[in-house]
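The structure appears below as structure tokens.
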Amino acid sequence: MKIALPLLAIVALLSLTGCQRDEPREVAKLSGRMFVFNYRVAVATYLVTLQRIAPIRDGSTVEAAFENPRGGPDLIINDKIFPTDDRITVQSPPVECVKQDRPYKVSIRIKAPEGDILQTIQTTIRSDTDQSALPAKPLVVGPLYTPNPEVFKSDGSTDMRPVQGCPAS
């Protein structure tokens, strides 16, 4: 009886701790963020990488909202997370009007297959280059990287103007 009572108390305590809710835990951590300027095709995109730090079930997704540098609503993407990937890469659709040294907001939500939010990550990305350095039109076209006739004119002139109509700030 002397041993049974303390043992019963320990078992009761352990069973109570098992019923408590777990605090939200991180399943991924931010490992990289930047703007990617592809001069060949005249496209700029956000690129964010996350390092997986806990198991993520098959069927989970990542949703990201990128601030639109041109203005207007955020650019939203939804991608599947593959359970075998150690790194999760999130890339925006093409963006225009990126300004150098201005912080742009990015919000990332990792969702379970049922839609429950496993984790939210808020960050900002600054570009070290202004998009005005990028031409508005691709430099090459087609699978053979043919010079774009809209950029490299037949009279020998070139049209390397950047995207027009960007907001002032």
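By convention here, the first residue in the shown sequence is residue 1.
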Assigning hydrophobic clusters by single linkage (Ile, Leu, Val, Met, Phe, Trp, Tyr; side-chain heavy-atom cutoff under 4.5 Å), is [X] placed with [Y]?
X: Ile125; Y: Leu30; value: yes
X: Val43; Y: Val106; value: no
X: Ile77; Y: Ile121; value: yes
X: Tyr39; Y: Val163; value: no

Report yes or no: does [X] contribute a side-chain atom to a donor-acceptor pair with the main-chain N or O of [Y] at less than 3.5 Å?
X: Gln164; Y: Ala136; result: no
X: Arg126; Y: Asp101; result: yes
X: Thr49; Y: Gly32; result: yes

For this session: Verify the neighbour count for atom NZ of Lys105: are there more than 12 heavy atoms of other residues, nucleotides or ligands below 6.0 Å?
Result: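 Not buried by this count: 12 neighbours or fewer within 6.0 Å.
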Problem set entry | Within 6.0 Å of CZ in Arg70, more than 12 heavy atoms from elsewhere |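 Yes.
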Taking every non-hydrogen atom, the tightest pair across [X] and [Y]:
X: Leu50; Y: Ala28; value: CB-CB, 4.1 Å
X: Arg25; Y: Ala54; value: NH1-CB, 3.0 Å
X: Pro138; Y: Ala42; value: N-CB, 3.6 Å
X: Asp159; Y: Glu150; value: CB-O, 3.8 Å
X: Ser127; Y: Lys99; value: CB-O, 4.2 Å
X: Pro103; Y: Thr124; value: CB-CB, 4.1 Å

Exercise. Do Asp85 and Arg87 sit within salt-bridge range, that is, some charged N less than 4.0 Å from a carboxylate O?
Worked result: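 Here Asp85 does not pair with Arg87 in a salt bridge, since their nearest N and O are not under 4.0 Å apart.
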Problem set entry | NZ/NE/NH1/NH2 to OD/OE distance under 4.0 Å, Lys80 and Asp58 |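 Looking at Lys80 and Asp58, the cut-off is met.
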Would you mind reporting whether [Y] and [X] have side-chain heavy atoms less than 4.5 Å apart?
X: Arg52; Y: Val27; answer: no
X: Leu134; Y: Val98; answer: no
X: Val90; Y: Phe66; answer: yes
X: Leu139; Y: Asn148; answer: no

When rounded to the nearest 0.5 angstrom, what is the spacing between [atom1] in [X] and [atom2] in [Y]?
X: Gln51; Y: Lys29; atom1: CD; atom2: NZ; value: 6.5 Å
X: Gln91; Y: Asp79; atom1: CD; atom2: CG; value: 9.5 Å
X: Asp130; Y: Cys97; atom1: CG; atom2: SG; value: 9.5 Å
X: Leu118; Y: Glu26; atom1: CG; atom2: CD; value: 12.0 Å
X: Ser107; Y: Glu67; atom1: OG; atom2: CD; value: 12.0 Å
X: Ser92; Y: Asn68; atom1: OG; atom2: CG; value: 9.5 Å

Exercise. Hey, what's the ring geometry for Tyr104 with Tyr46, parallel, tilted or perpendicular (30° and 60° as the breaks)?
Worked result: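 Perpendicular.
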